[in-house]
Protein chains: 2
Amino acid sequence: MRITQPRIAILTFLINRGEPTSIEQIHGHLAVGSCDLVTVYRCLAAFEGIGIVRRSFYHNGTSLYEINLGDTNRYHVVCKTTDRVVPIDPELTAELRQTIGKIEENLHAQGYTGVTHVAEFFGIAPAPNRGANVTVPTP
Amino acid sequence: MRITQPRIAILTFLINRGEPTSIEQIHGHLAVGSCDLVTVYRCLAAFEGIGIVRRSFYHNGTSLYEINLGDTNRYHVVCKTTDRVVPIDPELTAELRQTIGKIEENLHAQGYTGVTHVAEFFGIAPAPNRGANVTVPTP
DNA sequence: TTGAGTGCAAAGGATTTGCAGGTTC
DNA sequence: GAACCTGCAAATCCTTTGCACTCAA
């Protein structure tokens, strides 16, 4: 896997962002003309393949990508109105992670390989929460 | 909401199937010519709207639909190779449901409305498990 | 009767693929 | 220099929309 300008740009962006982000948004935030939309698709697929990014889904089925920091899974609520992504309460996240871990273990025990999962919450954020300093799109 | 032939057929199929199923598969299992693919899309959207079916996603982002039996959420593993759907261990399902319930409560408490979630597991089933009597496509 | 539902065709949006030209190693 | 990567264009796949017709209520 070669280190190229577009890949550096995409990865840098994802690291700074630290949240599931749509391909369009990723592409939109890269310097104009620095990287084709198709290249973003291809790079993210490659990144997912080697495990440095994780893919999840928006409630309409389109893809979201985020940096994969080991198994420190994070879970989020995505606002259906604004697309803003807010992390779930840490304690509950820990609990969820634990339960999901058990399930994945159980599946491995049954002989499943390459087990992955997707867990997303969607809802309409209360107006005051919208635009919180959680997700400030990098200009 | 009117009771029509296509709706009866789709609902009957989903009830018998009892598992998340793709639109294509649903359409493919209905009597040929009995219902247009577009109608399947529209019916499922309508069913989802009134809450009698639930939507989830396959690992490639396409939709899966299943009958919504109250709030007795069920969670599944989808085999990436065969698309077969197998329910998660009941105890673990209960635990997962409980945790997710807490998270949704927490979100409501924060002011979120219309909270929904998606939780899916994907993996490659061990060969002996493939073709288990879990998902017998209705002829 | 009459408006919700349907089928067909065509549009739309997201993602993938083909191929020539560029860039990394 | 060779292989991998990129950009552009076009194709593909899934899903939605428009419109005239049909059918359940």
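In this text, all values refer to a predicted model and were calculated from it rather than measured experimentally. Throughout, protein chains are lettered first and strands after them, A, B, ... in sequence-line order, and every chain is numbered starting at 1.
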Student: Between B:Leu64 (CG) and D:dT15 (C1'), how many Å, whole number?
Tutor: 15 Å
Student: Which nucleotide wins on minimum distance to the side chain of A:Arg2, given the candidates C:dT24, D:dT6, C:dG5?
Tutor: C:dT24
Student: Check B:Lys80 against A:Gly114 and note the closest heavy-atom contact, atom names and distance.
Tutor: NZ-O, 3.4 Å
Student: Nearest-Å distance, CZ (B:Arg55) to P (D:dC14)?
Tutor: 14 Å
Student: If you take any heavy atom closer than 4.0 Å to DNA chain D, which residues from residues 32-46 of chain A end up in contact?
Tutor: A:Ser34, A:Cys35, A:Asp36, A:Val38, A:Thr39, A:Arg42, A:Cys43
Student: Under a 4.0 Å N-O cut-off, is there an ion pair linking A:Glu48 with A:Arg54?
Tutor: no
Student: Parallel, tilted or perpendicular, judged at 30° and 60°: which one describes the rings of B:His59 and B:Phe122?
Tutor: tilted
Student: Would you please say whether a donor-acceptor pair under 3.5 Å links the side chains of A:Tyr58 and A:Asp83?
Tutor: yes
Student: From CZ of B:Phe47 over to P of C:dT6, roughly how many Å is that when rounded to an integer?
Tutor: 8 Å
Student: Atom CD1 of B:Ile8 and atom P of D:dC23: how far apart are they, to the nearest Å?
Tutor: 14 Å
Student: Between C1' on D:dG7 and CD on A:Gln5, what's the gap in Å once rounded to a whole number?
Tutor: 15 Å
Student: Just N and O in the side chain of B:Thr4: are any of them under 4.0 Å from OP1 or OP2 of C:dA4?
Tutor: no
Student: Which atom names give the shortest non-hydrogen contact between A:Phe57 and A:Glu120, and what distance separates them?
Tutor: O-CG, 3.5 Å
Student: Using atom CD1 of B:Ile3 as one end and atom P of C:dG3 as the other, report the distance to the nearest whole Å.
Tutor: 20 Å
Student: Among D:dC14, D:dC5, C:dG5, find the nucleotide with the atom closest to the side chain of A:Met1.
Tutor: D:dC5
Student: In whole angstroms, how far is the C1' atom of C:dA14 from the CD1 atom of A:Ile26?
Tutor: 14 Å
Student: Which pair of non-hydrogen atoms, one from A:Pro87 and one from A:His76, has the smallest distance, and what is that distance?
Tutor: CA-CD2, 3.9 Å
Student: Does C:dT6 have OP1 or OP2 sitting under 4.0 Å from an N or O in the side chain of B:Arg7?
Tutor: yes
Student: Quick check: closest heavy atoms across B:Phe47 and B:Ile10, and the distance to 0.1 Å?
Tutor: CE1-CG2, 3.9 Å
Student: Would you say B:Ser63 reaches D:dT15's phosphate, i.e. side-chain N/O to OP1/OP2 under 4.0 Å?
Tutor: yes
Student: Whole angstroms only, please: what is the CD-P distance between B:Glu24 and D:dT15?
Tutor: 8 Å
